[in-house]
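First listed ligand is number 1; within each ligand, the first listed atom is number 1. Please read these numbers as outputs of a predicted model, since none were measured by experiment.
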Amino acid sequence: MQVKRLRSVLREVVIASMAAGGCAGNPLGGSGPDQCVDHKSATLTRSDPNANASLQLKIESCRVDVDACITLCSQIMNDAQLSGDLKKCDVAFGGGDVNVTVAYDVFRDGAPCGSIGRRPEGLVAPRRTPAETALGAWFANTAWLEASSICAFLQLAKELREHGAPRALVRLADASARDEVRHAALMSKLARRFGGEPPAVEVTPPRDRSLEALAIENAVEGCVRETWGAVVALWQSQRAPDAEMRAAFALIARDEVRHAALGWAIDRWAMGRLDHGAQVRVALAREAAVKALADERPEELPAIGLPGIAEARRLHAQTYSSLWNGGLS
Ligand SMILES: [Fe+2]
Ligand SMILES: [Fe+2]
């Protein structure tokens, strides 16, 4: 599948979905089950606040400015080995103790909905440090996912080489890894702007895999997730509220379309080398990944221009009929 043709199809998907919803879009929210996030809370007590100069400073700041308490809660959560997006932080002082009650969200599978890309096999869910804002957390986790895509493409290039793939596919996989370095840097910069810090990427050592295993991973990560990543980034390049975000998502969208096209090219090459049974299993894995995306509930973060629930459904339906359902060859 040519990049130019795919770019045009995905643009049409986004434009058609925007036109169907009008300019106001659909406010995020709803009463459906939250499929991406676990909501947690904890009450923590520090009985030795004077033992730590950094903690002491945060306590003094919190005493005089309630807005500064969030950094105190973040540190106490960190010290207690709790991670997640801090949503609520209440601080009480009693005697020599500091008591904090925190509410925080933990993303299932380590990544927020809406931020997707090619993941390497063996990716370890991060132990995330709490960010001070929801935007900081979203960008930090997206940066983590982009950085993990660097590993995914380097591994893909190596395996393509080992399986005797055309050199053009290997070169494109290597080039995609370099794109992901740029994406990770862009998202990290935005994460820090909003008080987040991307977690380190950890991947267990890769194993030797059959061509079928590679094709199944590519069908899920390339044909579905990177294609959807391109659609969402295209959407955000139009709907994000400020110029820095729109520019970042536009650049990412441009590259992700190429990555998606590479996924489809690898799919075509690998399918031509697999027997009928393996081809069926690859197709079933792709269908299951498309369905899993349809079941995801988007995160409630209109401040980064993510599609809302109804918008995401429209985008998914359009992508399905234009691409995933065999509508484009
Ligand atoms: Fe990316
Ligand atoms: Fe990508």
Any N/O/S atom of [X] sitting less than 2.8 Å from the Fe ion (ligand 2), backbone or side chain?
X	result
H183	no
E226	yes
E180	yes

query = What distance do R209 atom CZ and Q155 atom CD have between them, rounded to the nearest 0.5 Å?
reply =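 Taking CZ in R209 and CD in Q155, the distance rounds to 6.5 Å.
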ask   = Would the SG atoms of C69 and C62 measure under 2.5 Å apart?
value = yes
key: Closest E146 atom to the Fe ion (ligand 1) [N, O or S only]   =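 Answer by atom name: OE1.
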query = Does the side chain of T227 come under 3.5 Å of the side chain of W264 through a donor N or O and an acceptor N or O?
reply = yes
ask   = Side-chain donor-acceptor pair under 3.5 Å between K4 and S8, yes or no?
value =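 Per modelled atom types, K4 and S8 side chains form no pair under 3.5 Å.
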